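Data first, discussion second: the structure below is written as structure tokens.
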Amino acid sequence: MREQLAMLPGTVLGPRRRSSGAAWHTVDAPDSRLCRDALEEARECLSEPVLMHSARCWQYASAFADIDGLRPDSEALYIACLLHDVALGAEQNQVAGCFALIGAERAEKFVRRHEGDDRTAQIVHEAIARHMDVATPEGSEAALLHDAAHLDVSGRRIRDLDPRCIDVIESSCTRESFAADFAARMKVESRRRPRSTAATLWRSGMYPAMKANPLERMVTSSKSLSRDG
């Protein structure tokens, strides 16, 4: 309920109507072998809609870093954003677990397997493990991934962003089919781990929040305008 109330202003009002007039652009991925390998891993593990969600999370997390005055480890944040949903609906028989923790462990092993340092592996693990928390966690990378993921799924903090920033990100990383794809995977997750945080959020109204996300409404509106045109 706290989560639903926190999202209410953005859900009802949508993005701010006034833009700052700033020239917005997407943020490039950190130029490292580890980040390139993480992108390949994400491409192999994720559906196209979830891959685009992960890419948007990187962009929105970068925007929130500027807004909140945070200086995250960009490499660790990028990897966490790309890989935070790799275990969504995974078959591991961990009834009381959550895909976020399973994914955190997989991502940490990925970083270590690709010769990432201990600090990066630990940051990636913490950020992914905490991204489904109701409250924003401590730690720059964990907080930024959390808020970016919650924004992209349900619209939380949407009014903190400049409309031009949203337009640039949404036009660069298509949202096509995301809600349906993500919802189907959350249903599987809820059946496999019914006592998990994800299952609890799903049962408490996550799907209606997804459908009411102003970002989803923007996609629907754009489709309507395209058909009318």
Side-chain angles (χ1 to χ4, degrees), residues 3 29 34-61 72-114 116-154 156 173 178-179 181-202 206 210:
E3 178 71 9
L34 184 57
C35 287
R36 290 190 289 274
D37 288 345
L39 179 57
E40 288 304 311
E41 179 78 0
R43 285 173 172 161
E44 291 180 9
C45 295
L46 303 176
S47 67
E48 185 66 17
V50 177
L51 177 62
M52 289 296 97
H53 160 66
S54 302
R56 289 192 302 273
C57 283
W58 159 247
Q59 298 296 334
Y60 283 128
D73 180 311
S74 59
E75 186 178 61
L77 178 60
Y78 179 77
I79 295 168
C81 287
L82 284 187
L83 302 182
H84 74 278
D85 281 337
V86 291
L88 180 58
E91 295 182 1
Q92 284 96 326
N93 186 24
Q94 297 183 9
V95 175
C98 182
F99 83 91
L101 182 57
I102 298 169
E105 292 170 352
R106 283 180 57 175
E108 180 181 358
K109 289 177 182 178
F110 166 85
V111 172
R112 296 185 187 281
R113 189 167 65 248
H114 287 76
D117 59 43
D118 287 344
R119 180 176 178 275
T120 299
Q122 290 167 5
I123 292 173
V124 168
H125 183 284
E126 177 72 8
I128 295 177
R130 302 295 302 277
H131 86 270
M132 288 296 289
D133 288 7
V134 173
T136 300
E138 298 292 330
S140 295
E141 297 81 10
L144 293 169
L145 172 57
H146 173 277
D147 285 3
H150 282 248
L151 164 71
D152 199 63
V153 171
S154 57
R156 181 175 177 175
C173 306
F178 170 64
D181 187 275
F182 191 79
R185 295 172 190 280
M186 283 296 296
K187 289 178 183 177
V188 173
E189 178 67 26
S190 297
R191 288 196 301 270
R192 288 182 171 160
R193 283 168 283 277
R195 290 181 288 170
S196 67
T197 300
T200 301
L201 287 173
W202 184 253
M206 187 176 183
M210 287 175 58

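All heavy atoms count here, side chains included; hydrogens, waters and symmetry mates do not. For this chain, numbers begin at 1 and follow the sequence in order. As the structure is a computational prediction, the values presented were derived from the model and not from experiment.
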Ignoring hydrogens and angles, write down the donor-acceptor pairs under 3.5 Å from the side chains of residues 121-130, residues two or more places apart or on other chains.
{"from": "Glu126", "atom 1": "OE2", "to": "Arg130", "atom 2": "NH1", "distance (Å)": "3.4"}
{"from": "Arg130", "atom 1": "NE", "to": "Asp133", "atom 2": "OD2", "distance (Å)": "2.3"}
{"from": "Arg130", "atom 1": "NH2", "to": "Asp133", "atom 2": "OD2", "distance (Å)": "2.8"}

For [X] against [Y], the heavy-atom pair lying closest together:
X: Val86; Y: Cys45; value: CG1-CB, 4.3 Å
X: Phe178; Y: Pro49; value: CD1-O, 3.7 Å
X: Ile102; Y: Ala87; value: CG2-CB, 3.7 Å
X: Pro194; Y: Ala199; value: O-CB, 3.5 Å
X: Glu75; Y: Cys35; value: CG-SG, 3.5 Å

Side chains of [X] and [Y]: does their closest heavy-atom pair fall under 4.5 Å?
X: Leu77; Y: Cys81; result: yes
X: Leu201; Y: Val134; result: yes
X: Ser54; Y: Leu46; result: yes
X: Phe182; Y: Met206; result: yes
X: His146; Y: Arg156; result: yes
X: Tyr60; Y: Asp147; result: no

More than 12 foreign heavy atoms under 6.0 Å from CZ of Arg119: is that the case here?
->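 Check fails, neighbour count at 12 or below.
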
Check your understanding: When the ring planes of Phe110 and His114 are compared, do they come out parallel, tilted or perpendicular, using 30° and 60° as the limits?
Key ->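 If you compare the ring of Phe110 with that of His114, the planes turn out tilted.
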
Q.
Students often mix this up, so state it plainly: with edges at 30° and 60°, are the rings of His131 and His84 parallel, tilted or perpendicular?
A.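 It falls in the perpendicular class, over 60°.
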
Arg56 side chain to Asp152 backbone, donor-acceptor under 3.5 Å:
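No, Arg56 side chain to Asp152 backbone: no donor-acceptor pair under 3.5 Å.
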
With distance as the sole test, does Thr120 use its side chain to make a donor-acceptor pair with the main-chain N or O of Gly116 at under 3.5 Å?
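Side chain of Thr120 to backbone of Gly116, a donor-acceptor pair under 3.5 Å: no, none is there.
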
Distance check, rounded to the nearest 0.5 Å: [X] atom [atom1] versus [Y] atom [atom2]?
X: Met210; Y: Ser154; atom1: CE; atom2: OG; result: 9.0 Å
X: Thr197; Y: Phe99; atom1: OG1; atom2: CZ; result: 9.5 Å
X: Glu105; Y: Leu101; atom1: CD; atom2: CG; result: 4.5 Å
X: Ser47; Y: Asp181; atom1: OG; atom2: CG; result: 3.5 Å
X: Arg192; Y: Cys98; atom1: CZ; atom2: SG; result: 14.0 Å
X: Ile79; Y: Trp58; atom1: CD1; atom2: CH2; result: 10.0 Å

Point to revise | Stepwise salt bridge (charged side-chain N to carboxylate O under 4.0 Å, His left out) check, Glu40 with Arg36 | key: CA-CA 6 Å; Glu40 288 304 311; Arg36 290 190 289 274; over 6 Å; no

Applying side chain to side chain contact (heavy atoms under 4.5 Å, CB included) between Arg193 and each of Arg195, Glu189, Arg191, report the one that passes.
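The single option meeting the side chain to side chain contact (heavy atoms under 4.5 Å, CB included) with Arg193 is Glu189.
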
Are Glu108 and Arg112 close enough for a salt bridge, meaning some N to O gap below 4.0 Å?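 Salt bridge between Glu108 and Arg112, a charged N being under 4.0 Å from a carboxylate O: yes.
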
